[in-house]
Amino acid sequence: MQSLREPIKPLENRVAARLVALIGGLLTIAVVLLHLTVIVVSSQSGQHVTAASALVLLVFDTLLISALMLSLLVGVVNYLQKQPASPIQSTPIAVVPAMQSEVQPHIPTDCNPLPYIPHSPAVVCTLAVAPDQLPRMIHIGMEAEHIFGYPPLAWTANNENGQWYTHLHLDDRARVLEQVNSSRNEPFRCQYRLITANKETVWVDHIGKVVPDSDQHFHIDGIMIDITAHKAAEAELSFYQDQLRQLIERSPQERSTSEMPQVTSGIFTTNRDGQFTYVDSAFARMLNNQPSRLIMRHCSDIAVPDWRPSLRAQLEHQFASHTLELGLEFPIETHTGQYRWVQLLSTLVLDGEQPVGLHGIIYDTTMRKIASEVVRESERKLQRITDTMTDVIVQIDTEGIVRYASPSSRNTFGYDPEALENSAFTQFVHPDDAAFVAAALQGTFADAERIECRYRVGDGSYIWLEAIGNLLFNDEGNLEGLICGCRNITERKQAEQELSELNRLKSEFLSTAAHELRTPLTTIHGFSELLMLPQIKADAARHDHFIQLIHEQSTFLALLIDDLLDLSRLEAKRQLKLSLEAVRMTELIDEVALPFVESSTEHHIEIVHEIGDSVVMGDPLRLIQVVRNLISNAVKYSPTGGDILISTQVVGDMMHISVQDHGIGLKLEDMGHLFEKFYRVNTSNTAVGGTGLGLAISKLIVELHHGNIEVTSEFGVGSTFTVILPLYRATPEPTP
């Protein structure tokens, strides 16, 4: 009996057997016809059969019997070859412990094994299904070994490796088992993957007929067809459909037929080497080229030569690093020689985990590039303006927090913009002005205004700041904050304070000058009228005395006017020219002090000179004026007399000239205004007069000589004024 694993006899053996049977049949017919011919001939002739005729008939009868036996033998053989092979006895598969029943194999009785067809993509099979058990393959054709690499017995063997379930792909097991166990209707069809002996994956289309065996048991008679190639074709088709879908989705909606002449974008695909495998007509039109001429050219070739190496390197990096998306912007050159900017957006195409190409879009960004350059140039101009302007631009939100400060804050405030940002604007405002500024900011958000405050700068000092704010709104019209222009107005504030002080001094001057000028003028006017009287003319002594008084008052008036002119010239400085020469100060002091020593009988004036060089470079007339003012003040502010000490001392490269008195002294509040113009110490109890210009003039003269004047005083004890002047150091002439 022939086994399922043995091939059936070759076809040529069967043909030979049938040919033998045919020859036997033909011989039998020939013998029968021969007997009939002999009988007919004998009956017609009336003669008996001769010995020769009998011998001939005997030979033919022998041949006839042999042919019949041969035909019978061939028929028996053919009959046996047509009998069905004995079914392979198989035992139930091992069942998991939870399964208590066994699947009774279904053995078809009404079908014969199909002929073995080499390399057939299909194989017949029978699958038995029972409750609480894994489905079991109980019959499978010879083609299984060709398709899956396992012989039929490996599928039906009663061991773990023989389970059909173990050949199922892990990802398909749950789905296939669910479909098999739920199969109750005809026909059954399921597509799944099986693992071959070579660990490869084969897709099969399992088509079968469900045949119930009992209420719970049934089997599926059917066929498994290898559809791996079909599935691969479907996957490839799906892959290209997905590419097309992505390209369509990424293509701009404005790419209509009517706009093709002004097209600004195109689509493309490449292979793994970055060579174009497809470009649409719009893409080619951007380059003024034909699509066919771009195929198999590298993406970087469309760029201008200087950009190609960088572009190629970036595309290669996209493949190597598996960067899914990449955007590149570069210039291209058209056939007319014009340069245009384009942006290339490429998406990596993966086959599993391996990159196989790119697909993407290319945009013409020339106009955007031009617009961006215009904006950048405008921003650069604005940046240059904000960097060089002295005003600081500050953006403040509704909470009073600085969100932006222009670079000019470095020069104006001494802070980097980053140090001001995200801090409260009032953080650096003077404490005395902080509450006012905070309230002003809240008011500014309702109605823009100008505020002035003191602001702490980087070195810790304060400057006067003027801030002018404008409200800032967003696109929806909601208030975002305030834009302030901040300006350093310290110099203006100082000028305003000086002007205010000048106005005060002017008022005092007018009051003082009116009094000081009126006194000598009144005396001159009064005594001049008396001189015109006859009795005064007759009295020579009185006449001469009045003339002397008029002369003294006119001299005083002239000195007052000279002081005013000197003060004006000294403040202008440019209009005052010093006649510089080497002056020995000890001799100048002795000369100036002599008239005071002789005329002031109530004061003891002492002059002490320290040994040393006392030569300074200066204007002798102006220096005499300074020394005279100091000695005069010492005499005037010592109304009850006392000692006055005039001393000189050399300290390093400077000469100190001190005038010390023991007069009324100065109060603390007078010390700060002592050298101001027209300022006079309160002399209501001393009857000390004067214009209040002497010390102011003396200070200006000393400063013009690059010196300084200092004062120490105690009220009721006296004062000491010290003039400090640089010594004159003559440059020695070079030795011959």
Side-chain angles (χ1 to χ4, degrees), residues 501 504-505 507-520 523 552-553 555-557 559-560 562-564 566-567 589 592-608 623-649 656-702 707-724:
E501 183 66 16
R504 181 186 66 81
L505 294 176
S507 299
E508 293 181 0
F509 167 72
L510 292 176
S511 175
T512 303
H515 177 269
E516 295 295 334
L517 292 173
R518 184 179 295 113
T519 300
T523 303
E552 291 177 356
Q553 293 300 317
T555 301
F556 176 75
L557 183 59
L559 291 174
L560 180 59
D562 286 341
D563 285 344
L564 293 175
D566 284 344
L567 182 64
I589 292 171
V592 174
L594 182 60
F596 291 97
V597 172
E598 294 179 353
S599 61
S600 181
T601 58
E602 297 178 355
H603 296 83
H604 176 258
I605 299 176
E606 182 181 1
I607 302 174
V608 177
L623 293 176
I624 289 173
Q625 187 177 358
V626 171
V627 175
R628 182 184 292 118
N629 282 333
L630 294 180
I631 298 175
S632 174
N633 284 341
V635 172
K636 285 192 298 182
Y637 288 95
S638 302
T640 59
D643 296 333
I644 297 176
L645 176 61
I646 303 173
S647 63
T648 61
Q649 183 182 10
H656 292 223
I657 304 167
S658 299
V659 178
Q660 180 182 8
D661 65 64
H662 295 81
I664 60 176
L666 298 171
K667 296 180 180 179
L668 184 61
E669 59 266 24
D670 293 328
M671 294 288 289
H673 304 282
L674 190 60
F675 296 101
E676 292 178 357
K677 299 178 286 293
F678 307 110
Y679 182 80
R680 295 176 62 194
V681 177
N682 187 1
T683 58
S684 57
N685 297 327
T686 60
V688 177
T691 61
L693 295 176
L695 289 178
I697 293 173
S698 298
K699 182 176 178 61
L700 290 174
I701 292 174
V702 171
N708 190 21
I709 186 169
E710 298 176 352
V711 60
T712 58
S713 180
E714 183 178 353
F715 184 71
V717 177
S719 303
T720 301
F721 287 82
T722 302
V723 174
I724 303 174

Steps toward side-chain contact (heavy atoms from CB on, under 4.5 Å) verdict (Phe721, Asn633): CA-CA 10 Å; Phe721 287 82; Asn633 284 341; 5.6 Å; no
side-chain contact (heavy atoms from CB on, under 4.5 Å) evaluation trace for Leu623 with Val627: CA-CA 6 Å; Leu623 293 176; Val627 175; 5.6 Å; no
Audit row: Ile605, Ile646, side-chain contact (heavy atoms from CB on, under 4.5 Å) steps and yes/no: CA-CA 7 Å; Ile605 299 176; Ile646 303 173; 4.0 Å; yes
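Under the side chain to side chain donor-acceptor pair (under 3.5 Å) criterion, His662 pairs with no residue, sequence neighbours left out. Applying the side-chain contact (heavy atoms from CB on, under 4.5 Å) criterion to Thr712, with sequence neighbours excluded, gives Thr720. Judged as a side-chain contact (heavy atoms from CB on, under 4.5 Å), and not counting sequence neighbours, the contacts of Val702 are Val626, Val723, Leu725. The side chain to side chain donor-acceptor pair (under 3.5 Å) search around Ser719 returns Ser713, not counting sequence neighbours. Residues satisfying the side-chain contact (heavy atoms from CB on, under 4.5 Å) test with Thr648, not counting sequence neighbours, are Thr586, Ile589, His609, Met655, Ile657. Listed by chain and number, the residues in a side-chain contact (heavy atoms from CB on, under 4.5 Å) with Leu645 are Glu606, Val608, Gln660 (sequence neighbours excluded).
Here the straight-line distance linking atom CD1 of Ile644 with atom CD1 of Ile631 works out to 8.0 Å at 0.5 Å rounding. For the atom pair CD of Glu710 and NZ of Lys699, the computed distance is 9.0 Å after rounding to the nearest 0.5 Å. Here His604 contributes atom NE2 and Asp643 contributes atom CG; the two are 6.0 Å apart, rounded to the nearest 0.5 Å. Rounded to the nearest 0.5 angstrom, Gln625 CD and Ile697 CD1 are separated by 6.0 Å.
Of the possible polar contacts, one joining the His603 side chain to the Ser638 backbone as a donor-acceptor pair under 3.5 Å is found.
Side-chain contact check for Leu630 versus Ile709: some heavy-atom pair is nearer than 4.5 Å.
Heavy atoms only, all atoms of each residue included: Ile664 and Phe715 are closest at O-CD1, 3.5 Å.
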